[in-house]
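These notes are about the structure you will find just below.
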Amino acid sequence: MPDITPPEVFVPGDVAEAARVSRNLYRSGSTPDTFEVINGRLSEENLDTVDIERRMVRARSFITALTRGATANTDFYEEFYRGDWDINALFDLPLIGTVGAFSRSLVIPGTGLTYTVDWEDCQGVYLAWHIGLVVDAGYILDAGVLKDKDGNNVAGVEADNLVTLHIDDFPVAPLSRKFKHGDQSMVFPETPGDPLRNDSVQVDARWWSGHMILDRVNSTTYVPPGNVQPWVKGHHTADLRLASKNPHIRFKTRRMTAIPIR
Amino acid sequence: MPTINYTPFLEGEDLTAAGMNQRVNEVANGLNALDDSSVERHGLRYVHMPLLSAPGLFPAGFSKEAPLAAASVLDNYDNGLPALGGGGTGPTDYQTFSPNGPNAPYGPTGAPDDGAGWKIPAYQNVVADAAEVIINGGTAINLTTQRLKLLVRASIEVVEADGSGGSVNGTNSFIVGIGWEDGTTTRHVLERTVRWCSHDAIERGDCVTSTLITQADIAASGPGDGTIASVFMVVAGGARGSATGALDNGAQADVRYYNISCLPLHAGDL
């Protein structure tokens, strides 16, 4: 908290204007200097020889932290995403008739939660999540070469799926990941009798331990102005959503944590 | 309650400039020098107590993420880390930053950058999109003075990774870490945050590292001047070529989305 330096200094002969007196009591500003600063801006400058200790910080700051999760397998198949849409276009482009990935995304069960902001002075929301998954793109090894069902070599092929954080139904584009396919199908092995690549310990298993802080500076980048921002007092949602053109994606462990901060 | 000595106006007292100034300054001076009893629990209303975070020191926010739109082009990081002393073998030098590229050390170099040092991810070399959180508008602070610790976490998506191959199979790696810039604009890396991510593990989808930064980490008696102006993520390609620690600088990686968050926490004993 900055020192209080009353902006109005009265000089003998000045007219006693109410406005000038009021400005000493309250005047908004990026660096407030009136008595208004005592509301939530006490800091080391104001506390003579006092250390800020835990007992001095506003109580109940973490009371609304929340975690949700799930461990049962959840499968997504390409039938869920039929139609003409572009995995590489994030947003819809209606002028050229492009349907983007975000509008086709489906919530991954176990990653969705509703969190509550109880204060007027929430500075942001800390989100953290984890998902474990296996991607079956229908590729098989043919004499050591990975090929699709049409026999095309698919080495280096870009992943055909997209998992994105969504806040209050709005996508947060930089918090997206694409997950590369495994080199075997989950439902049939290269050679009959071989083990299926369908467990978390195989190299084909994928995971993402992500995080983000949505605060008063960056939230309007993702939640357009005019909409309720994710740190405003009230209820909000956070989840991960999948858009996929892969034949089969299986999610295993997943969880989402939301911690409002002030 | 705060101890504020205020001289009230008396009925019939002339309203003078001196009198007005005296009363305003009495209250202001009292609030500017609160004593210990003023901040005991319930001594002030909760709205007067410090926030757990310190948003005033982060006018640009606690978080940075990029790119904001579809990344049709991937950035390639082909920078390796040198060995201490500049030789080709021995312990890795975790404090050197690459001087190469359009906006070094931000963004990809655009060419093989063997043994040059760390890069700070910045999509398409745009410094404004760098994986860096600016503190206090770039004016360095002392964490003890501000009664803060910083909880920092950084992650990056590696899309493809390969290299000319270390002589030890499976040692090609993409390396991530967290660093800070001090008041003299010198950059440092917190070596405990360095993570070597195997190229096999990379295709899992994400490389992540995190830490809690304290004043002890940036103390003047150590590698810095005792202040901190920003925190950032660092990345490099690298591999261990042999048991003696020879570095193979052929490793490289294509990256896409990345983000870093820096949460300031007010608490004396945290």
Side-chain angles (χ1 to χ4, degrees), chain A residues 3-6 9-14 16 21 24 35 38-44 46-59 61 88-90 121 123-124 126 156 173-180 203 205-218 221 261-262, chain B residues 15-18 20-21 24-25 27-28 31-36 38-41 44 46-53 55-56 58-70 72 145-147 153 155 157 159-160 200 203-206 208 256-259 261 263 266-270:
Chain A
D3 268 355
I4 297 172
T5 306
V9 178
F10 296 97
V11 176
D14 280 352
V21 175
N24 274 347
F35 297 157
I38 71 173
N39 291 327
R41 297 187 183 85
L42 289 177
S43 61
E44 193 269 342
N46 309 102
L47 302 177
D48 188 21
T49 72
V50 174
D51 287 336
I52 296 178
E53 301 176 0
R54 276 196 290 266
R55 64 181 174 85
M56 302 174 182
V57 177
R58 294 186 193 183
S61 290
N88 295 313
L90 299 182
D121 54 2
Q123 300 302 313
Y126 189 100
L175 275 304
S176 296
R177 292 293 186 270
K178 293 188 173 185
F179 297 94
K180 290 184 72 73
V203 69
R206 311 287 180 241
W207 57 258
W208 181 23
S209 284
H211 79 286
M212 186 186 186
I213 297 179
L214 276 157
D215 58 32
R216 295 184 175 222
V217 176
N218 69 2
T221 301
I261 305 161
R262 66 173 183 181
Chain B
L15 192 63
T16 65
M20 294 283 289
N21 292 334
V24 170
N25 289 329
V27 178
L31 290 171
N32 284 339
L34 291 171
D35 59 18
D36 186 55
S38 303
V39 290
E40 286 179 354
R41 197 169 179 81
L44 296 172
Y46 85 98
V47 293
H48 304 145
M49 304 300 262
L51 295 168
L52 185 67
S53 61
F58 290 80
F62 302 128
S63 181
K64 193 72 166 298
E65 53 281 340
L68 299 182
S72 57
T145 302
Q146 298 295 336
R147 304 294 193 271
R153 186 169 174 179
S155 64
E157 179 190 19
V159 180
E160 286 287 352
D200 288 336
E203 297 197 355
R204 294 176 180 272
D206 194 63
V208 60
R256 186 168 23 217
Y257 295 113
Y258 52 86
N259 69 305
S261 63
L263 182 62
H266 262 139
D269 299 329
L270 186 65

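For clarity, every value in this text was computed on a predicted model and none was experimentally measured. Just so it is clear: chains get the letters A, B, ... in the order the sequence lines come, proteins before strands, and each one is counted from 1. Values below: every heavy atom of this structure, side chains too, minus hydrogens, waters and symmetry copies.
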Just so I understand: if I count every heavy-atom pair under 4.5 Å between each of A/Gly210, A/Ser176, A/Pro12 and chain B, which residue has the most?
A/Ser176
Min side-chain heavy-atom separation A/Gln123-B/Phe58 under 4.5 Å
no
Please name the pair of heavy atoms, one in B/Ala60 and one in A/Val217, separated by the smallest distance, quoted to 0.1 Å.
O-CG1, 3.4 Å
Stepwise, does the side-chain contact (heavy atoms from CB on, under 4.5 Å) test hold for B/Asn259 with A/His211?
CA-CA 8 Å; B/Asn259 69 305; A/His211 79 286; 3.5 Å; yes
List for me each residue that meets side-chain hydrogen bond (donor to acceptor under 3.5 Å, both in side chains) alongside A/Asp14, sequence neighbours excluded, and say none if there are none.
A/Arg20
Side chain, backbone, both or neither: which part of A/Val9 has an atom under 4.5 Å from a heavy atom of chain B?
both
Heavy-atom distance under 4.5 Å to chain A: side chain of B/Ala70, backbone, both or neither?
both
How close do B/Leu68 and A/Ala173 get, heavy atom to heavy atom, and via which atoms?
O-CB, 3.2 Å
Residues B/Ser63 and A/Asp215: closest non-hydrogen pair is N-OD2, 3.8 Å
Distance in Å, B/Glu65 CD paired with A/Leu214 CG, rounded so as to fall on 0.5 Å steps
7.5 Å
Test of understanding: with side-chain contact (heavy atoms from CB on, under 4.5 Å), list the residues that count as partners of A/Ala89, not counting sequence neighbours.
A/Asp86, A/Thr98
Among B/Thr16, B/Leu263, B/Leu15, the residue with the most heavy-atom pairs under 4.5 Å to chain A is B/Leu263
Are any non-hydrogen side-chain atoms of A/Leu175 and B/Tyr257 less than 4.5 angstrom apart?
no
